[in-house]
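So that the names make sense, note that chain A is the first sequence line, chain B the second, and so on, each numbered from 1. Keep in mind that this is a model prediction, so the values were computed, not measured.
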There are 2 protein chains.
Amino acid sequence: MKSRNEKKLETRRRLIQVALQLSAEVGFSNLSLREVSVAAGITPAAFYRHFRDMEDLGLALLDEVGLSLRQFLRDARRRLPTGKGRVEISVQAFLEYVNSNSNLFRLLVGERQGGSSAFRKALFAEIDQFVSELKEDLEKAASADNKPLTNAAYAAEAVIAVVFTVGAEALEIPKHKQEFLATRLVEEVKMILRGARKRD
Amino acid sequence: MKSRNEKKLETRRRLIQVALQLSAEVGFSNLSLREVSVAAGITPAAFYRHFRDMEDLGLALLDEVGLSLRQFLRDARRRLPTGKGRVEISVQAFLEYVNSNSNLFRLLVGERQGGSSAFRKALFAEIDQFVSELKEDLEKAASADNKPLTNAAYAAEAVIAVVFTVGAEALEIPKHKQEFLATRLVEEVKMILRGARKRD
DNA sequence: TGTACATCAGTGAACGCGCGTTCACTGATGTAC
DNA sequence: TGTACATCAGTGAACGCGCGTTCACTGATGTAC
């Protein structure tokens, strides 16, 4: 038999999952408390046993996104070879991530404007963490290749900007039409990295 | 005396202006027909004399944004000197534009996700035009400087990605705290252009 | 193990509210003669 | 210029709807003895 606490956590999980699914269609900020509650199989009144309001649920969703992104980064870093072709492999992995976690990624790029200020702040914090992890990766790779960068932080920001822009476009088109996005993204990232290298 | 037609156009203008102002605060997709109508000084029922629904108004807003952006580009191009410092001047001009037309810019970056598919399509078309105009500028500048680019289209896309990303951040912070954004944006754009140049 | 009481996730009804949309209407502007 | 009629931007009331939130409640789970 499941304990009362376990059941409560299950319902909480269901609320989060359902909110993620629904927000992919209309955007999280257009989601209603009633809609989410009913889709999760509880009455609207019971929603308040789990979250104070929709903003509170939104912050929980962002935690979820952060967790998933960090996991993706960890996996990607582990699988990545040293030497040639790293950009291609990373871009490929990223686009796969976007396609299979489109709900999470949509939240990340789609709600930069909508939502409360607490929500936006948490969202930018997630993106910042993404940027700073990339910065460290770039620095490591640069010193391994003996091709130092003038400013790894700027390079990381620029790369994230184009990666997220392309990711947002990928959401709009079916997966089998995305090859050109991959090649475009690879070229643009390489362009940035080339421009970021110290001239000798 | 104003003709009936002129008065109608004035009301239409007022609806558009008011929608632009209100959408800066909550985002266009969270705006209600009643809210906009009353703020423009007409009853909700009279709204239908001007637009079929809110989506229709949204498309009119995008026209407005497109017009204003093209004007900005034309002015910027005219004022721009040849030779050194062009990136700095362009970035400065762009950030001024973002600050004084924040409502328009917010619409452009904030509704990439919200809104109907017709709305999103029109929005991406506006951005695409921005990209292709920049591409031509880059090509001209490159041939004038005799520093040919490997792929001006990719360079333009990457530049727009970082420019819009920084522009979106600028919306979040007061103008007097934006100096670091300007230097950051200048460096990132130069980085991309450097990486885009043909190696000889 | 059994009993008595406490906890609390979830229920279902109710509330007031702003929403989009419709409708018959008003009265100023425009047009034809 | 004056008159009779047409047009049509805007009015105001009404509608049904989904919303967030509250409330007293139920009944299964948990706890103390």
Within less than 4.0 Å of OP1 or OP2 of D:dG10, is there a side-chain N or O belonging to B:Thr11? yes

Would you say the side-chain atoms of B:Gln71 pair up with the backbone N or O of B:Ser68, donor to acceptor, closer than 3.5 Å? no

Under 4.0 Å: is that the gap between some side-chain N or O of A:Lys7 and OP1 or OP2 of C:dA9? no

Ignoring hydrogens and geometry, is there a side-chain-to-backbone donor-acceptor pair from A:Thr150 to A:Ala196 under 3.5 Å? yes

Go along nucleotides 15-20 of chain D 5' to 3' and tag each nucleotide: B for a protein heavy atom under 4.0 Å from its base, S when only backbone or sugar atoms are that close, - otherwise. ----BB

Is any side-chain heavy atom of A:Arg184 closer than 4.5 Å to a side-chain heavy atom of A:Glu169? yes

Can you tell me which stems DNA chain D forms when a stem means 3 or more consecutive Watson-Crick or G-U pairs under 3.5 Å? C:2-33 with D:2-33

Parallel, tilted or perpendicular for A:Phe130 and A:Phe164, by the 30°/60° rule? tilted

Counting side-chain heavy atoms from CB outward, which of C:dG10, C:dC23, C:dT21 is closest to B:Asp53? C:dT21

Let's see if you can work this out: which of D:dC23, D:dT7, D:dG30 has an atom nearest to the side-chain heavy atoms of A:Ser3? D:dG30

Among C:dG10, D:dA9, D:dC23, which nucleotide has an atom closest to any side-chain atom of A:Ala45? D:dC23

same_hphob_cluster(B:Phe94, B:Ile173) at 4.5 Å side-chain heavy-atom cutoff: yes

Is there a side-chain contact between B:Glu111 and B:Arg120 (heavy atoms, below 4.5 Å)? no

A:Gln178-A:Asn99 side chain donor-acceptor pair, cut-off 3.5 Å: yes

Side-chain-base donor-acceptor pair under 3.5 Å for A:Arg49 and C:dG10: yes

